[in-house]
Amino acid sequence: MLYLLPVLLVFFSLFFGRYMLDPVSTLGILIVGSANAVLEAISGTLPLLTGQPCDLPMLEQTWESVESTVIFQIRLPRVLGALLVGGGLSVAGASFQGLFKNPLVSPDILGVSSGAGFGAALAILLSGNPLMIQLSAFCFGIIAVVATYSISRVYKTTSTLVLVLSGIVVGALFSAFLSLLKYLADPYDTLPAIVFWLMGSLSAVSNDDIIAVAPPILIAGFCLYAIRWRINLLSVGEEEARALGVDTERMTGVIIVAATVITASAVCISGIIGWVGLVVPHVGRMFVGPDFRRLIPTSALLGASFLLVVDDISRTLTATEIPLGVLTALIGAPFFAYLLTKKKVGWT
Amino acid sequence: MILEVDNASFSYDGITRQFDGITFSLREGEVLSLLGRNGTGKSTLIKCIMNLLRLQNGRVSLNGQDVAGMRPEEIARQIGYVPQVHNTVFPFTALDFVLMGRAPHIATFAVPKEEDYAKADEAFSRIGITHLREKSIAEISGGESQMVMIARALAQEPAMLILDEPTSHLDFGNQMRVITTIDRLAAGGIAVLMSTHFPDHGFMISHSVAVLQGGRMIAYGRAEDVITRENLLTAYGIDVCVRYIEEAGRRVCIPLHTCSCRDGKGDARAPLRQSIGE
């Protein structure tokens, strides 16, 4: 059931919108369009392999080209972006909650969002080129986490408490830098751009963006999925985990690297999207319990579905887009409050 | 010899020694109790034995192999550890929890298989707590959760159990239940090292007792030889008397204390002395 949810939502999101398409023809466009793309790819590469020219017949196009542009150039990248960002942030958040033995932890606990926000603002001020903004956000996100980790290494351990404290330090530092940049920015031009970026949006996501961020998010997500049972062990405490034979230092490293790659990749195409990484794992826990073996995949599916729905609402509810970061909390908070009163979570 | 600790010493800062010159050994089926006042280094010694902390001097060997050169999972296949307190953040079920004991036998990227579930169930039934299997560990009592911790350690299939003050937080009945369980496991061939605050545990189930004081081992040997008025006075700074109690079939320690609140005159010692026959 849960596995089917994102699939249905993707399909729904593709035909639903200000430019309405009818579901049947959407399905047709999807199937025929992808089939044509595959055929084209085959007829493009086959001659290279065999040395013989190859002309495969293309399937007939029965729709207006604007329809396929809406689907393949505008909605599909946006839908895929919402799935990747929502699923990625949720998995990163769930893993960090296990690693730090704290259900109040979100993926930006080590400063990745603050770093990325500063990086994006810096690029907006200096160049305004979208590619530069993404690259700068990604790099500064990583730099912030590296700084956090280096500070914590002064204590010669990877004690998670020291890590969290250094994360707070680095986060505060980058937030201060960000405020400074906002103060310096042109209030009619670059300042609004910075503010909009910080509120998060998927409206500018292109197919190229998806091709760039999908591999790191999927690979890092798979790493976390592969060690999902070990996260159970880490979540009962560092000393106990080591006594159970877990190489805690290496596991901590793997989780931090994977979650940081996911968050930095997500943030660089979407801007700052709060709430998802904190709350979706809790919703997941209400459904499948605290065992990370089931919580990691559940969080991925729930997070992807949730952000997709929120993004659909953000682009259709009003004539202008509502920033995603605003809507995630606006929709998510009451929903979570409802769940809290309906289902017992089992905290003591 | 399963465990040999040879002239072990440890220091956190390299200057003040937590303990120094500790030597003892443990065979299969043997129970060793560590006595000593709070902060005298019992827990630190236990961490050193599991190589969670590194000794400054001396050597700890498991079945003849130096722990300093062993990987964490190799040590975890030999030693099952039951920590003093467990604070659960996430409300795992007891089954999930006991399954964690299978970690040293499961590859890094793998999850527990059917045989691991079977071993976990075996651990449950060996402790006699199968009824707790599906319960959340956040909801069970302190005594039950201590049993679950012991079951988890058993699921590691260790040659030896280390328990850090296994009865500290338990009520009167649960204390005895845990001690009986440990006794049964030792009779089944597992070596047990436990730290405890109750000298009586030495008489109940221990083959040998070691007393730590000021970072030194002031006594080590049979419980009857080690748990004496003199040693306990040195170790804890209180006066006790040790008596054989026929109904229990063993000796017990009783702290001698003048009670001033009971009769108002400050002489409760006389009736106490009478009742214990001194």
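Just so it is clear: chains get the letters A, B, ... in the order the sequence lines come, proteins before strands, and each one is counted from 1.
- Contacts of A153(B) with chain A are absent, with no heavy-atom separation under 4.5 Å from either backbone or side chain.
- Contact of M70(B) with chain A is not made at all, since no heavy-atom distance falls under 4.5 Å.
- When heavy atoms are compared at a cutoff of 4.5 Å, A107(B) approaches chain A solely by way of its backbone atoms N, CA, C and O.
- Only the side chain of R152(B) comes within contact range of chain A, with heavy atoms under 4.5 Å apart.
- Residue I75(B) does not touch chain A at all, counting heavy-atom pairs closer than 4.5 Å.
- Within a 6.0 Å radius of CZ in F222(A), other residues, nucleotides and ligands contribute 12 heavy atoms or fewer.
- R293(A) touches chain B through its side chain: at least one heavy atom from C-beta onward sits under 4.5 Å away, while N, CA, C and O do not.
- With a 4.5 Å cut-off on non-hydrogen atoms, Y81(B) touches chain A through its side chain but not through its backbone.
- Of the N and O atoms on the side chains of N38(B) and T40(B), not one donor lies less than 3.5 Å from an acceptor on the other residue.
- Among the candidates N102(A), V246(A), I227(A), N232(A), the residue making the largest number of heavy-atom pairs closer than 4.5 Å to chain B is N232(A).
- Nearest approach of A186(B) to V192(B), heavy atoms of both residues: CB-CG2, 4.3 Å.
- With a 4.5 Å cut-off on non-hydrogen atoms, L99(B) touches chain A through its backbone and its side chain both.
- For the set K101(A), M251(A), R230(A), R250(A), the entry with the most heavy-atom pairs within less than 4.5 Å of chain B is R230(A).
- Counted within 6.0 Å of CZ on F109(B), heavy atoms from surrounding residues, nucleotides or ligands total 12 or fewer; the atom is thus considered open.
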Q: Show your working on side-chain hydrogen bond (donor to acceptor under 3.5 Å, both in side chains) between D13(B) and S11(B) and close with a plain yes or no.
A: CA-CA 6 Å; D13(B) 54 8; S11(B) 163; 3.2 Å; yes
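- With 3.5 Å as the limit, one finds a donor-acceptor pair spanning the side chains of Q56(B) and R17(B).
- Using a 30° and 60° split on the angle between ring planes, F336(A) and W275(A) fall in the perpendicular class, above 60°.
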